[in-house]
Amino acid sequence: MSAVFGLLLAAASLSAVPDPTRPNYYTAASVAEGPLVLDSTLRGGPVPLAILNGRLLRPGEKIGPYQLMVVGSGWVMLRNGAKTLRLVIGGSTPEGGAK
């Protein structure tokens, strides 16, 4: 288990490596522009991680205008100024951004 988590942390520290399974029309800009979707959370190691829209994030990192604040078991809290979002795995934000 710790070996798998170590590999995930190593992957997180690498610069952006293109995903061979991602379609050619997919761009990094489209990640932040569309609705936010929480794909997974990883809380077993020293740093909790979340995968949002296919992007691995640590608390404090940003996706679009939102900053990842807290990673829970199957949920995350994001903040943009005074606006706070709580996402659950498989859920997404509506077009307005608030959930």
Side-chain angles (χ1 to χ4, degrees):
M1 176 78 169
S2 63
V4 172
F5 189 74
L7 289 173
L8 286 172
L9 282 179
S13 65
L14 296 175
S15 60
V17 176
D19 181 353
T21 64
R22 185 168 286 161
N24 289 334
Y25 59 81
Y26 186 92
T27 64
S30 66
V31 170
E33 291 174 6
L36 293 173
V37 176
L38 177 61
D39 300 314
S40 183
T41 59
L42 305 163
R43 294 179 25 102
V47 178
L49 302 169
I51 301 175
L52 285 110
N53 292 30
R55 198 171 137 207
L56 187 65
L57 298 169
R58 294 180 181 104
E61 293 183 329
K62 293 185 89 173
I63 182 163
Y66 294 96
Q67 182 176 23
L68 179 61
M69 303 306 292
V70 180
V71 177
S73 294
W75 60 272
V76 295
M77 294 293 287
L78 301 153
R79 183 177 297 154
N80 177 13
K83 183 189 283 187
T84 302
L85 294 177
R86 183 178 191 272
L87 298 179
V88 295
I89 290 179
S92 65
T93 58
E95 283 304 311
K99 185 167 185 178

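We use all heavy atoms of the structure for the numbers below, so side chains are in, but hydrogens, waters and symmetry mates are not.
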Identify which one of V37, L87, D39 satisfies the side-chain contact (heavy atoms from CB on, under 4.5 Å) criterion when paired with L52.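 The side-chain contact (heavy atoms from CB on, under 4.5 Å) with L52 is passed solely by L87 among V37, L87, D39.
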So which atom in [X] and which in [Y] form the shortest heavy-atom distance, rounded to 0.1 Å?
X: R58; Y: L49; result: CG-CD2, 3.4 Å
X: P48; Y: P59; result: O-CD, 3.1 Å
X: R43; Y: V71; result: NH1-O, 2.8 Å
X: T41; Y: W75; result: CG2-O, 3.8 Å
X: A50; Y: L38; result: CB-CD1, 4.2 Å
X: L78; Y: M69; result: C-CG, 4.3 Å

Please check: side-chain N/O of Q67 versus main-chain N/O of K62, any donor-acceptor pairing under 3.5 Å?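 No.
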For a 4.5 angstrom cut-off between non-hydrogen side-chain atoms, does R86 reach T84?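 SC-SC contact between R86 and T84 ruled out.
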Full working for side-chain contact (heavy atoms from CB on, under 4.5 Å) between R55 and I63: CA-CA 9 Å; R55 198 171 137 207; I63 182 163; 3.8 Å; yes
Measuring from atom CG of L68 to atom CD of E61, what distance do you get when rounded to the nearest 0.5 angstrom? 8.0 Å
